[in-house]
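Worksheet: one structure, shown below.
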Amino acid sequence: MDILTELNPAQKKAVQAINGPVLILAGPGSGKTRVITHRVAYLIRTCKVSPRHIIAVTFTNKAAKEMVERLDKLVPGSVKELTIGTFHAICAKILRIDGKAMGIESNFVIYDDDDQTAIIKRCLQELNLDPKQHAPQAIASAISKAKSTLIQPKDYVKRSRSYFEEVVGRVYERYEQMLRESKALDFDDLLMKTVLLFRKHPEVLARYQERYIHVMVDEFQDTNLVQYELVKQISDKYHNICVVGDPDQSIYSWRSADLRNILSFEHDYPDATLILLEQNYRSTKTILETASNVISANKKRKAKRLWTENDDGERTFVIEAYTEQEEAQFVANEIERLVGRSHFRLGDCAVMYRTNAQSRVLEEAFIRYGIPYRLVAGTRFYERREIKDIVAYFRLVQNPHDSVSLQRIINVPGRGIGQQTIGKLSSWAKSMGVSAYDAMQLIVEAKRNKNIDDQPFDVRSSDALARFSELMDDFVEKSQNANLVELFDMVVEKSGYKQSLKNDPDKDERWENIMELRTVAQQYRDLSPRESLTAFLESVALVSDVDGYDEKLDRVTLITLHQAKGLEFQVVFIVGVEEKLLPHIRSIDDPDQLEEERRLCYVGITRAKQRIYLVHAFRRTFMGTSTVNPPSRFLDDIPKNLVATPGWWRGDEPRVSDAVFSWNRVRVDETESKPKVSTGVPAVDLKAGDHVRHSQFGEGVVVNSKKVNDDSEVTVAFSGQGIKRLLLSLAKLENI
DNA sequence: CGAAAGGCTCTTTTT
DNA sequence: GAGCCTTTCG
């Protein structure tokens, strides 16, 4: 297949502009991914560039994986030598290999936000600062911001201007020290330390410059200052740097992403070739126009002319629901209707929202309707307690100095090592200038030599500590010659974790999760014991939620607007299109942040290929309290001639009085829709203990059943599927 | 030391 | 509403 056919002139130009700096401004759906992959293929196949001289940076691991898959078809056999990954993953690799020059050992662990907060809390305690007055989260984000702009603790302290910054400065210094003691790096460190490494050791940088002759960066609008610096460093010799982005889709400023990077690029590389990708292949004219009208209201932006040859398509549906429950109901109902009557499949539909908290009501509605769905974030897998616990054992095996992991599991499951003992242990260790882990080994030794006075603990505590120390030693020993799965099984068993789950009310779910983690570990069993542990832990630390997202599954996707960037769906519902939610209340009084909210809305709309629904609720329960939110100001910017309401959702004036009855409308006007909603007495009467069969969930046992208006809500425990609540009239349950 | 209960505060978005 | 922390009691 020829690399250049099936590309439009602008795309062709982008693929062929391989020498010197290139800035590609790519509108949504303009074939950006295609351009990047074809450009790499062009370099390899036509220009005979060795794949090992090419580096491509993506925003998520999923994007990297996709690119590898596509390239494997275009240039078979080359992908192994290509460097493709996220900034964080690439930097982690660099530091494992070359970090020693910076005092970073190759077995460093990566601390996530949770670990970071844990450390900060410990700092506050040490510095006698009240965590209630100085929110650890706020301090964490201040430190992160500093690191993203390459400000080190000393500089931060020097330039602190307020009391808060002074506090942050003090914490920052101690925080860095603790990370060093734990031989750990946080996310921002991965980037910052790499830049510092390159600054301090030009000879190391030179190696990377020689290797990566062609540099490409995707989602450039969402890079921060360190990332920009890094890209600049690596490409500083050959200047073959190609960045791709869309300022209108910049939605990560809160993560220190800086739109000015695009401007800086034009400034730093005045000879850069500028390429605009403006033809949209994804959406209908109506969707594109809707989106353009929304984004055009932003003041700080360059006007852009997006166009498409696609059909006009359906109008944009703007819906008012009464509450968030009704909103979810509408979405579920409409999806059922679409899938039943038209060619759309469940997998073609996505529901997007501003905050994760909004997903719950949607989930409940889908469960009641019996519609299979997939939640992209939710309670994130790697943030679950049982997963973090098990992972902490592995981290400790890899790096015994990891104090956060030690604190986490030293008494999980309970083995008689309480707060008192832990406190005593760390101060004793500190007084001797060793890590807590080393201190515990001293206790073991003291016991062996019967020199009990060598350590300050009573028999009970010292026994417990010694036993834990020996346990960990066993794991470390195992890790040196057994494969990862064997180690996994040993850890789960011998740590007592498996046993301790027996009393856990969520034991089944937790156990399933642990087994899922085991499958992840299995993927690394071909590597050597040492390598597999490092690779496993690194993948665990750097995954994102979208990475696990599999579009082939035929299920409705529930996803945040942020995560949806880069994805596309036939049908998109954006819910909660209200003031205080989109735009979010915390962005409303800052003009810049407000513009970002608008971009977020724009990203959401432009995900849609065929149909877009913008749904808002008149009344919404926030944190216990019910509030009335006006429709989002963004809706005002959509021309009325583009907007419609689905036929069955009548209500030309969908105001309160009307909306109250809309619930009934869903049922009454539903005649043409596939599922007939019965309002009478359910055909079967189910009670606890009955065995039932469900088309999706299989067989299960009724746990509870209660009357809801004219219907019954039945709670059923399905084998292997967990407990679901279903509406009897909708869920087509069969009594067996 | 650990389990249980009650009280508190936030919840935007995430590599 | 939930997760986290503190308090209380055995």
Side-chain angles (χ1 to χ4, degrees), chain A residues 57-64 85-92 110-114 116-118 121 125 130-133 135-138 140-141 144 147-148 185-191 219 222-224 226-227 250-257 352-361 376-377 379-380 382-385 411-423 458 460-461 464 500 503-505 538-547 559-565 576 580-588 590 593 596-597 599-601 603-604 621-625:
Chain A
V57 187
T58 58
F59 194 68
T60 60
N61 296 301
K62 177 174 181 280
T86 62
F87 274 107
H88 292 87
I90 290 170
C91 287
I110 299 169
Y111 276 178
D112 66 15
D113 293 7
D114 266 12
Q116 219 175 334
T117 321
K121 278 183 189 153
Q125 216 168 15
D130 181 5
K132 287 201 179 97
Q133 239 161 24
Q137 299 258 5
S141 97
S144 169
K147 290 190 174 185
S148 305
L185 299 180
D186 64 23
F187 283 138
D188 300 303
D189 280 338
L190 294 174
L191 310 173
E219 306 285 6
D222 284 320
T223 53
N224 62 30
V226 206
Q227 291 166 335
S250 160
I251 52 175
Y252 283 92
S253 74
W254 50 274
R255 221 172 74 187
S256 306
M352 302 178 184
Y353 35 83
R354 178 67 236 264
T355 66
N356 279 307
Q358 289 169 260
S359 67
R360 185 211 225 95
V361 199
V376 175
T379 39
R380 301 190 195 96
Y382 288 100
E383 279 171 28
R384 310 192 89 114
R385 198 177 72 211
N411 200 34
V412 172
R415 40 176 80 91
I417 305 173
Q419 273 314 305
Q420 296 293 321
T421 312
I422 294 174
D458 58 53
R460 233 172 73 151
S461 309
S500 75
N503 315 316
D504 197 308
E538 192 147 308
S539 75
V540 166
L542 299 178
V543 278
S544 66
D545 293 308
V546 274
D547 292 343
I559 192 169
T560 66
L561 286 164
H562 281 88
Q563 293 172 324
K565 191 178 70 164
K580 297 183 206 170
L581 212 48
L582 186 66
H584 193 270
I585 186 151
R586 295 180 66 144
S587 304
I588 263 169
D590 177 337
Q593 288 198 54
E596 183 150 318
E597 297 287 315
R599 292 195 291 268
L600 199 50
C601 186
V603 166
T621 314
F622 220 30
M623 287 172 255
T625 38

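Within every chain, numbering begins at 1; the chains are lettered A, B, ... in the order of the sequence lines, protein sequences first and strands thereafter.
A side chain to side chain contact (heavy atoms under 4.5 Å, CB included) with A/Ser250 holds for exactly one of A/Lys565, A/Glu219, A/Arg599; it is A/Arg599.
For the pair A/Gln563 CD and B/dT15 P, the computed distance is 7 Å after rounding to whole Å. Atom NZ of A/Lys147 and atom P of B/dT14 are 21 Å apart (whole Å). To the nearest angstrom, P of B/dT14 lies 16 Å from CD of A/Gln227. Atom P of nucleotide B/dC10 and atom NZ of A/Lys580 are separated by 20 Å, given to the nearest angstrom. If you measure from atom NZ of A/Lys565 to atom C1' of B/dT13, you get 11 Å, rounded to the nearest angstrom. Rounding to whole angstrom units, CD of residue A/Gln419 and C1' of C/dC5 are separated by 12 Å. Across the protein-nucleic acid pair, A/Glu383 atom CD and B/dT14 atom P stand 10 Å apart, rounded to whole Å. Regarding A/Asp113, its CG atom lies at a distance of 12 Å from the P atom of B/dT13, rounded to whole Å.
Both A/Gly414 and A/His584 lie near DNA chain B, and the one whose nearest nucleotide falls closer to the 5' end is A/Gly414. The 5' end of DNA chain B is approached more closely, in terms of each residue's nearest nucleotide, by A/Gly416 than by the other of A/Ala89 and A/Gly416.
With hydrogens and angles disregarded, no donor-acceptor distance shorter than 3.5 Å links the side chain of A/Gln116 to the backbone of A/Asp186.
The minimum heavy-atom distance between A/Leu561 and A/Gly604, with the atom names listed, is CD2-CA, 3.7 Å.
Among the heavy atoms of the strands lying under 4.0 Å from A/Gln420 are primed sugar atoms or P, OP1, OP2 only; no base atom is included. Contact annotation for A/Tyr252: backbone-only contact, meaning every heavy-atom pair under 4.0 Å involves sugar-phosphate atoms and none involves a base.
A/Leu190 places a side-chain heavy atom less than 4.5 Å from the side chain of A/Leu542.
Applying the ring pair (Phe, Tyr, Trp, His ring centres under 6.0 Å) criterion to A/Phe87, with sequence neighbours excluded, gives no partner residue.
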Watson-Crick and G-U pairing of DNA chain B, under 3.5 Å, as dot-bracket with | and [ ]: ||||||||||.....
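Centre separation under 5.5 Å together with a plane angle under 30° holds for the ring of A/Trp254 and the six-membered base ring of B/dT13, marking them as stacked.
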Audit row: A/Lys147, A/Val226, side chain to side chain contact (heavy atoms under 4.5 Å, CB included) steps and yes/no: CA-CA 8 Å; A/Lys147 290 190 174 185; A/Val226 206; over 6 Å; no
Chi angles and distances behind the side chain to side chain contact (heavy atoms under 4.5 Å, CB included) call for A/Trp254, A/His562: CA-CA 12 Å; A/Trp254 50 274; A/His562 281 88; 3.4 Å; yes
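The side chain of A/Asn411 sits closest to B/dG2 out of B/dT15, B/dG2, B/dT14. Comparing B/dC1, B/dT15, C/dG1 by their nearest atom to the side chain of A/Arg360 picks out C/dG1. Nearest nucleotide to the side chain of A/Thr421, out of B/dC1, B/dT15, B/dT13: B/dC1. Of all nucleotides listed (B/dT15, B/dC1, B/dT13), B/dC1 comes nearest to the side chain of A/Arg460.
Note: A/Tyr252 and A/Phe59 have tilted aromatic rings, judged against thresholds of 30 and 60 degrees for the angle between ring planes.
A/Asn356 has a side-chain polar atom (N or O) that falls below the 4.0 Å cut-off from OP1 or OP2 of B/dT13. Listed pair A/Lys121 / C/dC5 meets the phosphate criterion, a side-chain N or O lying under 4.0 Å from OP1 or OP2. Taking side-chain N and O atoms only, A/Thr60 has no distance below 4.0 Å to OP1 or OP2 of B/dT15.
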